[in-house]
Amino acid sequence: MLRFRPRHRSVRPLVIAALAAGVLGGGLTGTSSGDLQGQISATRSAAASLQSQIAADSQQIAHTTAGLNQARAQLSAVQADLDRRVAELKIVQTQLISARDHLVALENRLHLATTALAANLRASYEGAQPDLMTVILRSRGFSSLLEQVTFMAKVGHQDAQIVAITRSARAEVVREANRLASLETRDRALANAILARRNQAAALESALMAERLHQLGQRSQAGTRYQALRNRLAGLEKRAAAQAARAAATGNAGVGGVAVNTGGMVQPPAGAPAAVAQVIAAGNAIAGLPYIWGGGHGSFRASGYDCSGSVSYALAAAGLLSSPMVSGDFESYGAPGPGRWITIYANAGHVWMQVAGWRFDTVALSYGGTRWAQGGGEFSGFVVRHPPGL
C-alpha cells in the first residue's frame, strides 16, 4: 500500500437521511454480485456522509460551547458589577432613611419656629406687649425705664431670630426634599439597571444552553444512524466475501475458460478477449520481480512492484488504466462486483486480482516465487470490482 486517501463527501443532512433510510430500509436484498457491491458502495457513501455530518456537528457544538463559556464569563463580570451596584444601592437606601429622618426633624423644627413666631405676633397685636411710649410714661424712674426698654429689645431680637430660623428651616426643608427626590430617582434607576442586566445575561445563557442541547441531540441521532449503517455494511461485506470465496472455489465458473500454466507462465484460454491476453502477458513479465514498496508508481518501468503497482502495470498494458493507482483507489475502479474474466479485490491496504481463474497477487511471492497462484486470496473486507465489459 502506498497511502490511504479518505474520501469525505459533503452531503446536506436531508440527502444523508434519505440515503441512509434507503440503504437501511429499502429492501436491498438482491443476490447478484453487482447489486451487492452497489449496496456496499451506497452504504459506504451514506456512512461517510453521516461521518462528515457528525464531524460538522461536533465542530458546531465546540463553537457553541465556546460561546457559552464566553457568555458565562460575561455573566460573571455582569454579576460582579451587579454586586457592586447592590452595595451602592444599599448605601443609597441608607442615605434615603437618613434623609427622611433629617427631613422629619427639619419639619418639626419649622413647626416649632412657626408656632413661636405666630405666638409673638399674636401677642404683639393683641397688646400684650406695650409700645415704647407707654413704657416711658409708665416707668418709675430711669432704672425702671432702662429695664423695660432692654426687655423690649430682647423680645424684638427673639422675634427676629425666630423669623430667621423659620426662613432657614423652610429653605433647608426644600433642599432636603429635593435631595430626597434625587436619591429616590437614583434608587429606581439603579434597581432598573440591575434587573435589566440580570435578565439580559440570563437570557443569553439560556439561549446558548438550549442551542447546545439541540446540537447534541442532532449529533446523537446522526451517530445512531451511522452505527446502523456500519452494522449494515459489515453484513454486506461478509456476504460479498462469502460470494467471492464461492466463486474462487469453483474456479470462477463464470469465465469462458481457465488459463493454463506452461513453463511457469500463465497462458490465456482459447476465446479470451485480447485485453485479457494482454493483462496475462504483462503479468507474466513482472511475475517474478521482487516486491518493492512504491514500485511501479513513479514509472511503469521498475525493478520491482508493490501490490497496487503490479495490478496497475498489468491493467495498463491492456489499456484498462492510464496511470498507476494506489490500493485504496481501486475501491472505486471500473464497475462493481466480479467480472467474467477479471475480478479486482481492493481495500485501503491491499489489492490483488483474478485473471481467467488465476490469482495475481504479490502475497504469492512469499511462498511460490511468482505473483501467479491458484486458489487462496483474501476476500473479507475487500471491495470487489472489475473492468467494464470483462
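When all heavy atoms are compared, the tightest approach of L315 to P387 is CD2-CG, 4.4 Å. Contact record, S327 with S308: N-CB, 3.5 Å, taken as the closest heavy-atom pair. Considering all non-hydrogen atoms of both residues, Y313 and A285 come closest at OH-CB, 4.4 Å. The two residues R359 and A364 have their closest heavy-atom pair at NH2-N, 4.2 Å. In this structure, I292 and S303 approach most closely via the heavy-atom pair CD1-OG, 3.7 Å. For S299 against A302, the heavy-atom pair with the smallest separation is O-CB, 4.4 Å.
Using a 4.5 Å heavy-atom cutoff, the side chains of I54 and Y226 are in contact. Counting heavy atoms from C-beta on, the side chains of F330 and R385 never come closer than 4.5 Å. For the pair V279 and M353, the minimum side-chain heavy-atom distance is below 4.5 Å. When side chains are defined from C-beta on, Y345 does not count as touching H350, because their heavy atoms never get closer than 4.5 Å.
Note that CD of E211 and OG of S206 are 12.0 Å apart. Values are rounded to the nearest 0.5 Å. Rounded to the nearest 0.5 angstrom, Y291 OH and T362 OG1 are separated by 6.0 Å. To the nearest 0.5 Å, atoms CD (Q221) and CD (Q53) are separated by 9.5 Å. Note that the CZ atom of R212 and the NE2 atom of H63 stand 14.0 Å from one another [nearest 0.5 Å]. Going from atom CD1 of I286 over to atom CZ of R301 covers 12.0 Å, rounded to the nearest 0.5 Å.
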Walk me through whether F360 and I342 qualify under side chain to side chain contact (heavy atoms under 4.5 Å, CB included). CA-CA 10 Å; F360 186 70; I342 300 174; over 6 Å; no

Test side chain to side chain contact (heavy atoms under 4.5 Å, CB included) applied to Q215 and D57, step by step: CA-CA 7 Å; Q215 291 168 352; D57 288 344; over 6 Å; no

Where do Q278 and L320 land on the side chain to side chain contact (heavy atoms under 4.5 Å, CB included) test, with the steps shown first? CA-CA 10 Å; Q278 291 168 346; L320 301 175; over 6 Å; no

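A donor-acceptor pair is defined here as one N or O able to donate and one able to accept, closer than 3.5 Å; such a pair exists between the side chain of H386 and the backbone of G337. With W372 contributing its side chain and I280 its backbone, the two residues share no donor-acceptor pair below 3.5 Å. With hydrogens and angles disregarded, a donor-acceptor distance shorter than 3.5 Å links the side chain of T64 to the backbone of Q60. Of the possible donor and acceptor atoms, one in the side chain of R371 sits under 3.5 Å from a partner among the backbone N and O of L289. In this structure, D306 contributes its side chain and G309 its backbone to a donor-acceptor pair below 3.5 Å.
Residues that satisfy the salt bridge (charged side-chain N to carboxylate O under 4.0 Å, His left out) test with R219, not counting sequence neighbours, are absent from this structure.
Side-chain contact check for S312 and H297: no donor-acceptor pair (N or O, by modelled atom type) lies under 3.5 Å.
The hydrophobic cluster containing Y305 also contains F300, counting ILVMFWY residues as joined when their side-chain heavy atoms lie under 4.5 angstrom apart, directly or transitively. The hydrophobic clustering, which links ILVMFWY residues whose side-chain heavy atoms are closer than 4.5 Å, places L213 and L208 together.
The side chain to side chain contact (heavy atoms under 4.5 Å, CB included) test with I344 singles out one residue from V383, V351, V355, V384, and that residue is V351.
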